[in-house]
Protein chains: 2
Amino acid sequence: MNISVFGALAEANRLDMVELLLQGPMSVNEIADRLHLNQPQTSKHLKVLSDVGLVEVHKVANRRIYKLRTRPLAELDEWLGSFRKLWEERFDRLDDYLSELQGQSDRDAPAAP
Amino acid sequence: MNISVFGALAEANRLDMVELLLQGPMSVNEIADRLHLNQPQTSKHLKVLSDVGLVEVHKVANRRIYKLRTRPLAELDEWLGSFRKLWEERFDRLDDYLSELQGQSDRDAPAAP
DNA sequence: TAGGAATATTCCTGTAAAGGAATATTATTG
DNA sequence: CAATAATATTCCTTTACAGGAATATTCCTA
């Protein structure tokens with residue numbers, strides 16, 4: 001898992017951008033307008049997103065069209081896969097750990113409290 | 001989506017902690033040892049994880065056992081769901097957007113320059 | 001209750017990063 | 001080529017935060 005993706009998404013405006021771009025590719029000014037940001041900030045944030053591969057740019061005449069890239073999100077999804085069993089199957093090794101802590105002596109453990 | 005989760009995971013040691021805790025609940029010193037961190041740093045990072053709900057603590061005698069919480073990860077998974085179609089079905093609204101930009105006038109567009 | 005684990009907290013410092021404002025750059029169009 | 005639209009970059013200031021070191025706290029045990 002590329003940790004920089006988390007860093008990029010850890011900023012509110014950038015998270016908004018990513019969600020906005022779900023609607024489709026968009027120019028800088030369009031993004032700025034929709035999110036009520038000024039243009040320089042928008043460009044800066046887009047650069048961060050671009051650096052971590054969350055968006056790609058396409059030059060079209062005067063404008064730069066930013067488009068969401070699926071790859072990093074797919075990788076995030078994959079990473080989450082390791083954890084998915086945590087909530088799909090009941091996962092609670094706490095009890096195991098606790099009895100392990102106590103020297104796992106008492107063989108006849110009590111039922112679930 | 002709670003953005004603070006991204007913030008918490010945006011730090012390498014904390015990401016390591018979360019992945020480590022996938023193996024099961026663990027005490028502070030155990031975590032510190034395994035990740036080659038000192039105890040104070042470990043406690044600090046665990047506090048951050050705890051504040052965003054990624055872990056929960058159980059007091060056992062002298063120790064504090066930290067355990068992964070599924071909720072925020074499940075929510076992250078759910079959030080990702082909005083994007084999942086991006087890579088599952090082909091998703092490329094760029095062409096649509098481009099022709100939309102050009103006023104969709106010229107029906108017979110030229111090939112790539 | 002004193003001593004000692006296990007853990008949390010505080011203080012300090014350096015650094016990364018966000019926002020504002022101004023300016024530079026690139027490309028279009030007349 | 002001049003003027004202008006669209007976007008990127010730079011400079012500055014402020015703030016958040018990670019790491020180190022020291023210390024406080026909590027809880028067990030003899």
Side-chain angles (χ1 to χ4, degrees), chain A residues 2-18 20-21 25-52 54-67 97-98 100-103 105, chain B residues 2-18 20-21 25-52 54-67 94 97-98 100-103 105-106 110 113:
Chain A
N2 183 7
I3 195 177
S4 64
V5 171
F6 287 124
L9 296 176
E11 206 278 334
N13 293 315
R14 287 194 295 259
L15 187 57
D16 288 345
M17 287 182 183
V18 167
L20 178 60
L21 287 177
M26 222 168 283
S27 74
V28 176
N29 274 336
E30 213 168 338
I31 297 172
D33 286 350
R34 297 238 216 165
L35 300 183
H36 306 293
L37 298 174
N38 56 41
Q39 178 268 315
Q41 295 302 330
T42 305
S43 281
K44 284 185 208 172
H45 284 311
L46 284 171
K47 174 161 176 42
V48 175
L49 291 177
S50 175
D51 285 346
V52 305
L54 274 167
V55 300
E56 63 187 39
V57 202
H58 294 265
K59 297 190 178 185
V60 174
N62 227 356
R63 336 204 155 159
R64 314 289 171 96
I65 308 304
Y66 282 84
K67 179 186 167 224
Y97 185 85
L98 295 188
E100 180 184 321
L101 260 191
Q102 303 176 24
S105 49
Chain B
N2 183 8
I3 195 176
S4 63
V5 172
F6 287 124
L9 296 177
E11 206 277 333
N13 293 315
R14 287 195 295 262
L15 187 56
D16 288 345
M17 287 183 182
V18 167
L20 178 60
L21 288 177
M26 223 168 280
S27 74
V28 176
N29 274 335
E30 213 168 337
I31 297 172
D33 286 351
R34 296 237 217 165
L35 300 183
H36 307 292
L37 299 173
N38 56 42
Q39 178 269 316
Q41 293 302 329
T42 305
S43 280
K44 284 185 209 172
H45 284 311
L46 284 170
K47 176 161 174 45
V48 175
L49 291 176
S50 175
D51 285 345
V52 304
L54 274 168
V55 300
E56 61 186 40
V57 201
H58 295 266
K59 298 189 178 184
V60 175
N62 227 358
R63 334 204 157 159
R64 313 291 170 94
I65 308 302
Y66 282 83
K67 181 186 165 224
L94 185 57
Y97 185 84
L98 296 189
E100 182 185 320
L101 260 192
Q102 305 178 25
S105 50
D106 39 23

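In what follows, every chain begins at residue 1, and chains take the letters A, B, ... in the order their sequences are listed.
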Trace of the side-chain contact (heavy atoms from CB on, under 4.5 Å) decision for K59(B) with V57(B): CA-CA 7 Å; K59(B) 298 189 178 184; V57(B) 201; 5.6 Å; no
4.5 Å side-chain heavy-atom contact, M17(B) and L46(B): yes
side-chain contact (heavy atoms from CB on, under 4.5 Å) between Q41(A) and K44(A), worked out: CA-CA 5 Å; Q41(A) 295 302 330; K44(A) 284 185 208 172; 3.8 Å; yes
Minimum side-chain heavy-atom gap M26(B)-R34(B) below 4.5 Å: yes
Output one line per pair: protein atom, nucleotide atom from nucleotides 15-18 of chain C, and distance, for all N/O pairs under 3.5 Å.
{"from": "dA18(C)", "atom 1": "OP1", "to": "R14(A)", "atom 2": "NH1", "distance (Å)": "3.3"}
{"from": "dA18(C)", "atom 1": "OP1", "to": "R14(A)", "atom 2": "NH2", "distance (Å)": "2.9"}

Per-nucleotide protein contact string for nucleotides 1-8 of chain C, where B marks a base within reach and S marks sugar-phosphate only (heavy atoms under 4.0 Å, - for neither): ----BSBB
Divergence of helical axes at both termini of the helix from dT1(C)-dA30(D) to dG30(C)-dC1(D) - five pairs an end, 10° steps: 20°
Nearest atoms (heavy-atom pairs only) where K67(B) meets P25(B): CG-CG, 3.8 Å
Atom-pair distance (CG on N38(A); P on dT9(D)), nearest Å: 15 Å
Residue pair V5(B) / L54(B), side-chain heavy-atom distance below 4.5 Å: yes
Distance, rounded to the nearest Å, where H36(B) contributes NE2 and dG20(D) contributes P: 15 Å
Intermediate values then yes/no, side-chain contact (heavy atoms from CB on, under 4.5 Å), L35(B) and T42(B): CA-CA 9 Å; L35(B) 300 183; T42(B) 305; over 6 Å; no
Min side-chain heavy-atom separation R14(B)-L9(B) under 4.5 Å: no
Phosphate OP1/OP2 of dC27(D): any K59(B) side-chain N/O under 4.0 Å: yes
Any donor-acceptor N or O pair under 3.5 Å, side chains N29(B), S27(B): no
Side chain to side chain, L20(B) and I31(B), heavy atoms closer than 4.5 Å: yes
